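Below is one structure, written out as structure tokens, with a few remarks after it.
Note that the structure is predicted; figures quoted are calculated from it, not measured. Starting from 1, each residue takes its place in the sequence as its number.
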Amino acid sequence: TGVFVLDEADWLADETEFFGIVKSLKSKMKRVHQMIAMSATFKQESLVKLETLCSNPMRITIEADEAEPALEGVTQYIVELAAPSSQAPSVVTPMTEAEMRFKSFEEKALVAEKILRCQAKHFNQCLIFCKGRKWAQVMNKWLSQRGWKSACVDGGASTKERFDAVEAAKRFEVRVLVSTDLISRGVDISRVNLVVNVDVPETVEVYMHRVGRAGRFGGFGVSVMLVEAGKQEEMKMVKAIEEFIHHKLDHLALSDAIP
């Protein structure tokens with residue numbers, strides 16, 4: 001007999017290329033073996049797909065209701081930001097789309113840093129998630145210039161650079177780790193108790209895994225997601241997240257102290 005273990009199995013099932021690798025590896029196992037597929041989030045279609053690889057599948061969940069996953073110990077907030085105006089005060093012509101994106105990110109960076117300053121006495125380490133490696137690198141540089149001990153993990157870095165950054169965080173040599181979704185899964189840094197989503201994730205599952213980086217090992221944590229009120233797709237994602245977790249995300253005013 002043997003054991004075939006899949007971690008983050010929902011992602012492996014959803015990605016066609018990786019699911020092909022999974023099937024290929026499984027075909028090389030002994031005829032009699034056990035397959036264990038684990039993840040914090042499972043869509044019904046992912047489960048059905050994985051069960052095609054099993055002869056006698058059994059589902060074991062930590063919740064009474066499979067449709068109601070919990071993030072125990074993590075208090076979740078959103079900060080609603082006004083959409084940036086396309087008209088700069090000193091410019092006659094409207095800004096380009098690229099200029100708008102930069103202005104939006106600049107405003108989010110200011111808010112993220114304000115959250116860090118306001119909570120400086122209360123958080124041990126923070127993970128900041130950005131959409132795209134360019135913005136993650138800009139955020140990391142911007143924070144470093146303001147005196148924060150920070151590091152960046154993104155797809156543009158070498159394997160060694162990524163490993164060194166995560167290890168530095170685990171050794172508590174950096175207080176803020178900025179990343180893309182590269183480390184939203186499978187990376188445990190025990191002191192992280194604050195997660196800031198500078199950009200709204202593209203799926204509910206990504207949100208769950210990002211926020212799940214806080215409050216590990218039975219601890220408590222806080223997550224804050226920055227949302228542009230004028231962007232319908234971001235507001236739709238907030239609603240989808242709330243429906244998924246069966247809980248309204250609390251609105252956080254920047255003047256408020258996080259309990």
Side-chain angles (χ1 to χ4, degrees), residues 6-19 37-47 49-50 61-63 66-81 101 104-105 108 112 126-137 139-140 152-157 162 166 169 176-189 192-216 221-228 231-249:
L6 301 176
D7 194 14
E8 309 296 353
D10 61 320
W11 183 69
L12 294 173
D14 293 343
E15 295 289 331
T16 303
E17 178 184 353
F18 285 110
F19 191 63
M38 300 176 291
S39 182
T41 54
F42 271 119
K43 291 182 288 189
Q44 184 65 23
E45 52 266 37
S46 302
L47 285 168
K49 197 172 181 181
L50 287 165
T61 66
I62 61 171
E63 295 295 318
E66 292 182 44
E68 191 175 349
L71 285 168
E72 294 182 11
V74 181
T75 307
Q76 302 165 63
Y77 297 95
I78 61 171
V79 174
E80 235 177 271
L81 307 174
R101 282 200 301 269
S104 172
F105 181 81
K108 287 182 174 182
C126 174
L127 273 178
I128 295 180
F129 287 101
C130 299
K131 188 182 294 183
R133 64 189 187 189
K134 171 188 172 183
W135 298 119
Q137 291 166 0
M139 173 65 78
N140 177 53
C152 183
V153 178
D154 65 80
R162 296 197 296 267
V166 172
V176 181
L177 190 60
V178 185
S179 182
T180 59
D181 285 319
L182 195 65
I183 63 168
S184 63
R185 291 172 178 256
V187 175
D188 291 325
I189 302 172
V192 170
N193 59 348
L194 175 62
V195 170
V196 178
N197 289 293
V198 169
D199 295 300
V200 175
E202 293 183 355
T203 68
V204 172
E205 289 76 21
V206 170
Y207 172 83
M208 295 289 288
H209 283 277
R210 283 185 181 184
V211 172
R213 298 307 96 196
R216 308 293 287 176
V222 169
S223 75
V224 183
M225 182 166 61
L226 310 186
V227 181
E228 285 187 28
K231 287 191 174 180
Q232 290 187 358
E233 65 272 20
E234 292 194 2
M235 300 309 294
K236 283 175 64 177
M237 181 52 62
V238 169
K239 186 176 180 181
I241 290 168
E242 290 176 334
E243 290 176 353
F244 190 77
I245 64 176
H246 297 263
H247 177 71
K248 291 284 288 183
L249 296 174

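- When the side-chain hydrogen bond (donor to acceptor under 3.5 Å, both in side chains) test is applied to N193, no partner is found at least two apart in sequence or on another chain.
- V74 approaches A214 most closely through the heavy-atom pair CG2-O, 3.5 Å.
- Looking at heavy atoms from C-beta onward, C126 lies in side-chain contact with V196 at the 4.5 angstrom threshold.
- At most 12 heavy atoms of other shown residues, nucleotides or ligands fall within 6.0 angstrom of atom CD in Q232.
- Going from atom CD1 of I245 over to atom CD of Q76 covers 4.0 Å, rounded to the nearest 0.5 Å.
- Closest of all the heavy-atom pairs between M139 and A112 is CE-CB, 4.3 Å.
- With sequence neighbours excluded, no residue forms a side-chain hydrogen bond (donor to acceptor under 3.5 Å, both in side chains) with E205.
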- [ ] Show your working on side-chain contact (heavy atoms from CB on, under 4.5 Å) between V238 and M225 and close with a plain yes or no.
- [x] CA-CA 9 Å; V238 169; M225 182 166 61; 3.9 Å; yes
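- For S39, the side-chain hydrogen bond (donor to acceptor under 3.5 Å, both in side chains) partners are D10, not counting sequence neighbours.
- Here the side chain of E234 pairs a donor or acceptor atom with the backbone of E228 at under 3.5 angstrom.
- Side-chain contact between P201 and R210: present, with at least one pair of heavy atoms (C-beta onward) separated by less than 4.5 Å.
- In this structure, the separation between CG on D7 and CE on M38 is 5.0 Å, given to the nearest 0.5 Å.
- The shortest side-chain heavy-atom distance between I128 and V176 falls under the 4.5 Å cut-off.
- Considering all non-hydrogen atoms of both residues, S179 and V153 come closest at OG-O, 2.9 Å.
- In this structure, the side chain of E242 engages the main chain of L249 through a donor-acceptor pair within 3.5 Å.
- Applying the ring pair (Phe, Tyr, Trp, His ring centres under 6.0 Å) test to F19 and every residue at least two apart in sequence or in another chain returns nothing.
- Proximity of V79 to V227: side-chain heavy atoms (C-beta onward) are nowhere separated by under 4.5 Å.
- Here D199 contributes atom CG and F105 contributes atom CZ; the two are 7.0 Å apart, rounded to the nearest 0.5 Å.
- The side-chain hydrogen bond (donor to acceptor under 3.5 Å, both in side chains) search around E45 returns none, not counting sequence neighbours.
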- [ ] Please assess I189 against L177 for the test side-chain contact (heavy atoms from CB on, under 4.5 Å), listing each intermediate value before the final yes or no.
- [x] CA-CA 10 Å; I189 302 172; L177 190 60; 3.7 Å; yes
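- The distance from atom CE of M237 to atom CD of E233, rounded to the nearest 0.5 Å, is 9.5 Å.
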TODO: Would you check, one step at a time, whether the test side chain to side chain donor-acceptor pair (under 3.5 Å) holds for Y207 with E202?
DONE: CA-CA 8 Å; Y207 172 83; E202 293 183 355; over 6 Å; no
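- Taking NZ of K108 as the start and SG of C130 as the end, the distance is 9.0 Å to the nearest 0.5 Å.
- A salt bridge does not link K131 to D181: none of the charged side-chain nitrogens sits closer than 4.0 Å to a carboxylate oxygen.
- Taken from CG in L127 to OG in S223, the straight-line distance is 11.5 Å, to the nearest 0.5 Å.
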Open item on the list: Is there a side-chain contact (heavy atoms from CB on, under 4.5 Å) between F129 and V206? Walk through the geometry before answering.
Closed with: CA-CA 11 Å; F129 287 101; V206 170; over 6 Å; no
Open item on the list: Between D14 and S46, is the side chain to side chain donor-acceptor pair (under 3.5 Å) condition met? List the steps.
Closed with: CA-CA 6 Å; D14 293 343; S46 302; 2.7 Å; yes
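- The salt bridge (Lys or Arg N to Asp or Glu O under 4.0 Å) test applied to R162 returns no partner, not counting sequence neighbours.
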Task: Residue pair N197, L226: steps toward the side-chain contact (heavy atoms from CB on, under 4.5 Å) verdict - done: CA-CA 6 Å; N197 289 293; L226 310 186; over 6 Å; no
